[in-house]
Amino acid sequence: MVEIENVSAGYGKQKVLHSVNLTLREGQVTVLIGANGSGKSTLLKVLLGFLPLMSGEIRINRVPTGKLSRAELAKSIAYLPQGKNVPDITAGRMVLSGRFPYLSYPRRYRACDAAAAADAMERMGIAELSDRPMSELSGGMRQKVYLAMALAQQAGVIVMDEPTTYLDIGQQVKFAELVRELAGAGKTLLLVLHDLPLAFKVSDQIAALSAGRIAFCGSAAEILSSGVAGQLYGVTVKSVQTGAGRQYFYELPEGPS
């Protein structure tokens, strides 16, 4: 469990987050939504220890993150960033780098690290890409490699910033299934998504950020009834029950005829 309590943070003297309170529970998927500039990236940075707090506290399993070393924090939280450079290494080596927090000096990968990386690639359906250079892969395939790297880290908390970038429709469906599978295995997941129908479909709770504050936090049904999507994005999200489960879609305001 991750507890974000009265957290304020920013850059220099400019405060971006204002007394943010949010709890991420084991076995649940929390999706963070909000317009550009609402503070989503800043919240991720303070959670990951990249940016200091101005006030408040963040706890992982009741331990303040300020008391954790960088290695301990990396073992607790796996992070899949939005923008990633393409290193000149193979996909298998990229996934294996997710084991780095577990290595002691001298840093040599062990059999258990190779097994964890292989299992992660198998789960993502990319085992055959192990020897392929990252530079030769499509954007969608690279994204699946980065997802496998996060899985190989075997952290209890997984944070993903726009993880469906470059994934086609079919891959997005499989990604949603993977997210629910990870939650079912007891992982704590925090996803930043702009795709609202996908956010509604995969989430247990949705936290809406606006001007550095939590504007609303609740289930998909509660977010739908609150109208907060319209306030943040100027669109309405509606749902319909189908044989394949509840589906979500956008309804744009009517323009002039």
Side-chain angles (χ1 to χ4, degrees), residues 1-7 17-44 47 58-59 80 82 147 156-165 167-255:
M1 182 169 67
V2 179
E3 299 166 284
I4 300 171
E5 185 176 289
N6 293 323
V7 164
L17 300 178
H18 306 270
S19 300
V20 170
N21 290 280
L22 183 63
T23 299
L24 315 176
R25 293 178 174 82
E26 291 180 8
Q28 290 193 355
V29 180
T30 298
V31 174
L32 193 61
I33 65 172
N36 291 335
S38 61
K40 300 187 302 296
S41 295
T42 302
L43 182 56
L44 294 192
L47 174 59
I58 298 176
R59 296 182 295 274
L80 180 66
Q82 181 178 15
L147 283 165
V157 181
I158 302 177
V159 176
M160 304 182 190
D161 191 358
E162 289 297 331
T164 57
T165 303
L167 298 184
D168 61 32
I169 300 296
Q171 291 171 335
Q172 288 183 26
V173 171
K174 292 178 181 178
F175 169 78
E177 293 172 351
L178 173 66
V179 165
R180 294 311 317 173
E181 177 187 331
L182 291 171
K187 299 288 188 182
T188 302
L189 292 104
L190 175 64
L191 279 60
V192 173
L193 291 174
H194 282 298
D195 185 335
L196 293 183
L198 180 61
F200 282 91
K201 191 171 184 65
V202 303
S203 64
D204 293 291
Q205 71 170 353
I206 298 175
L209 262 180
S210 177
R213 294 178 169 85
I214 299 292
F216 195 93
C217 185
S219 66
E222 291 168 333
I223 291 283
L224 277 174
S225 63
S226 73
V228 71
Q231 298 169 25
L232 296 179
Y233 300 106
V235 298
T236 300
V237 180
K238 291 193 173 182
S239 68
V240 60
Q241 187 66 37
T242 71
R246 185 161 294 278
Q247 304 298 320
Y248 300 90
F249 61 93
Y250 294 115
E251 183 177 81
L252 298 175
E254 293 186 7

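Within the model, atoms CG of L17 and CG of N6 stand 12.5 Å from one another, a figure rounded to the nearest 0.5 Å. H194 contributes atom NE2, which lies 11.0 Å from atom CG of L232 (distance to the nearest 0.5 angstrom). Here the CZ-CZ distance, from R246 to F200, works out to 12.0 Å after rounding to the nearest 0.5 Å. Here the straight-line distance linking atom OG of S19 with atom CD of E5 works out to 10.5 Å at 0.5 Å rounding. For the atom pair I206 CD1 and L191 CG, the distance stands at 11.0 Å (nearest 0.5 Å). Between the NZ atom in K187 and the CD atom in E181 there is a gap of 11.0 Å [rounded to 0.5 Å].
The side-chain heavy atoms of M160 and L147, taken from C-beta on, include a pair separated by under 4.5 Å. Between D195 and Q172 the shortest side-chain heavy-atom distance falls below 4.5 Å. L190 places a side-chain heavy atom less than 4.5 Å from the side chain of L47. In this structure, L80 and V159 have side chains that are not in contact, with every pair of non-hydrogen atoms separated by 4.5 Å or more. In this structure the side chain of L224 reaches within 4.5 angstrom of the side chain of V237, judged on heavy atoms. Residues K40 and E162 are not in side-chain contact: their nearest non-hydrogen atoms beyond the backbone lie 4.5 Å or more apart.
Between F175 and P163 the shortest heavy-atom distance is CZ-CG, 3.4 Å. The nearest pair of heavy atoms linking L209 to S38 is O-CB, 3.4 Å. Between I214 and A207, the shortest heavy-atom distance links the atoms CD1-CB, 4.2 Å. Between C217 and L22, the shortest heavy-atom distance links the atoms SG-CD1, 3.8 Å.
For the pair Y248 (side chain) and V240 (backbone), a donor-acceptor distance under 3.5 Å is absent. Within the 3.5 Å criterion, the main-chain N or O of T23 finds a donor-acceptor partner in the side chain of Q205.
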